[in-house]
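Report on one structure; see the data block that follows.
Note that the structure is predicted; figures quoted are calculated from it, not measured.
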Amino acid sequence: MMLVISGIVFYKNHSRYRKLSCDGIVELTDDFAPRSFTYSELEKVTDGFREEVGRGSFGAVYKGTILNGQKVVAIKRLEKVLAEGEREFQTEMKSVDWNLPEEEAILEEWAYHCFEAGDLAKLVGDEEFDKKQVERMVKLGIWCIQDEPSLRPSMKKVLLMLEGTVDIPIPPSPDCFLSMI
Ligand SMILES: Nc1ncnc2c1ncn2[C@@H]1O[C@H](COP(=O)(O)OP(=O)(O)OP(=O)(O)O)[C@@H](O)[C@H]1O
């Protein structure tokens with residue numbers, strides 16, 4: 001069985017993550033810096049994954065101690081990631097309609113084509129939708145998938161556009177920049 005280990009350490013007391021300097025600026029302490037652990041190190045600090053403290057959808061969380069037993073930590077052992085990932089991939093492969101014409105098989109080109117043609121219903125399928133809202137989302141989506149990174153909006157702009165604080169200009173075709181070269 002493939003076993004993937006993730007050793008992410010959560011210190012119980014969050015205030016220990018950081019210390020405030022005199023002028024109030026947060027400084028990182030050594031404790032805060034991320035570090036990696038080998039499987040055997042994690043096995044050792046959890047005493048052979050002895051005490052399970054909880055369970056998430058991807059695996060169990062165990063109690064462990066580091067720094068010579070001075071710090072109690074929670075260590076999550078991922079158990080299903082590879083198997084799940086493979087299953088999801090296979091499911092998605094099965095759901096792809098390989099008989100689509102080529103222009104529809106390239107999703108971004110097809111989406112842009114529908115947007116240009118004003119055929120938003122095709123993008124949404126059978127669901128009822130608010131035309132204005134969908135048009136805004138599609139425009140924003142097309143801005144975000146521009147092949148040329150400098151054309152993509154910053155996260156700040158994306159938020160302003162999502163809020164409706166700023167208008168969303170009509171985007172060019174995602175591959176327009178590269179096709180000009
Ligand atoms: N730092 C911690 N201290 C004590 N118990 C913890 C800690 N972290 C997680 N646990 C326990 O482990 C359980 C699972 O935590 P986990 O982080 O895996 O949850 P999750 O985010 O729902 O999982 P997943 O992302 O796999 O769906 C928690 O519900 C809790 O009981």
Side-chain angles (χ1 to χ4, degrees), residues 4 6-11 14-15 17-21 23-29 31-36 54-59 61 74 76 78-181:
V4 179
S6 161
I8 301 175
V9 176
F10 301 99
Y11 297 108
H14 282 254
S15 62
Y17 282 154
R18 55 184 74 172
K19 72 173 182 222
L20 287 173
S21 62
D23 55 3
I25 295 168
V26 175
E27 290 175 1
L28 299 182
T29 65
D31 293 352
F32 190 74
R35 63 153 292 197
S36 58
R55 190 163 268 277
S57 47
F58 287 98
V61 177
K76 181 164 178 175
L78 302 179
E79 290 158 358
K80 295 197 300 184
V81 173
L82 291 183
E84 284 290 321
E86 174 69 15
R87 202 170 305 134
E88 272 174 33
F89 177 73
Q90 293 293 350
T91 310
E92 278 175 27
M93 290 290 281
K94 276 182 205 147
S95 66
V96 171
D97 183 354
W98 296 105
N99 296 318
L100 282 176
E102 196 181 340
E103 67 275 12
E104 289 190 24
I106 300 173
L107 186 60
E108 61 179 44
E109 285 178 15
W110 175 69
Y112 186 74
H113 176 77
C114 293
F115 167 70
E116 250 191 332
D119 200 355
L120 294 175
K122 219 170 171 184
L123 291 173
V124 181
D126 295 333
E127 289 171 41
E128 280 198 13
F129 66 97
D130 174 341
K131 190 167 180 261
K132 276 203 150 175
Q133 187 72 353
V134 170
E135 190 182 5
R136 284 170 49 72
M137 294 305 119
V138 171
K139 278 200 289 188
L140 181 53
I142 295 171
W143 274 113
C144 292
I145 58 164
Q146 291 293 313
D147 282 349
E148 169 54 34
S150 64
L151 292 177
R152 297 175 206 151
S154 62
M155 279 314 294
K156 189 178 171 187
K157 275 192 193 152
V158 170
L159 284 177
L160 292 173
M161 290 178 187
L162 281 173
E163 286 171 0
T165 313
V166 299
D167 283 338
I168 308 174
I170 294 176
S173 163
D175 66 352
C176 74
F177 186 84
L178 295 180
S179 57
M180 282 186 319
I181 300 172

task = Please list, chain by chain and in numerical order, all residues satisfying side-chain contact (heavy atoms from CB on, under 4.5 Å) with Glu116, sequence neighbours excluded.
result = Tyr112
ask   = Less than 4.5 Å apart, any side-chain heavy atom of Glu135 and any of Ile168?
value = no
remark   = For Arg136 and Leu162 the tightest heavy-atom approach is NH2-O, 3.6 Å
query = What do you reckon, is CD1 of Ile170 surrounded by more than 12 foreign heavy atoms closer than 6.0 Å?
reply = no
ask   = Once you round to the nearest 0.5 Å, how far does CZ of Arg55 lie from NZ of Lys76?
value = 10.0 Å
note = Between Pro169 and Met161 the two heavy atoms that sit nearest each other are CD-CE, 4.3 Å
task = Please check if atom NZ in Lys139 has more than 12 non-hydrogen atoms from other residues, nucleotides or ligands closer than 6.0 Å.
result = yes
inquiry  = So, using side-chain hydrogen bond (donor to acceptor under 3.5 Å, both in side chains) as the criterion, who are the partners of Ser154 when residues are at least two apart?
reply    = none
query = side-chain hydrogen bond (donor to acceptor under 3.5 Å, both in side chains) with Glu163: which residues, sequence neighbours excluded?
reply = Thr165
key: Results of side-chain contact (heavy atoms from CB on, under 4.5 Å) for Pro149 - residues two or more places apart only   = Arg152
query = Does Leu123 have any side-chain contact (heavy atoms from CB on, under 4.5 Å) partners at least two apart in sequence or in another chain, and if so, which?
reply = Trp110, Ala111, Cys114, Leu120, Val138
ask   = For the atom pair CD (Gln146) and CG (Asp175), what is the distance rounded to the nearest 0.5 Å?
value = 8.5 Å
key: side-chain contact (heavy atoms from CB on, under 4.5 Å) involving Asp167 - partner list, sequence neighbours excluded   = none
ask   = Can you find a pair of side-chain heavy atoms, one from Ile142 and one from Glu108, that are under 4.5 Å apart?
value = no
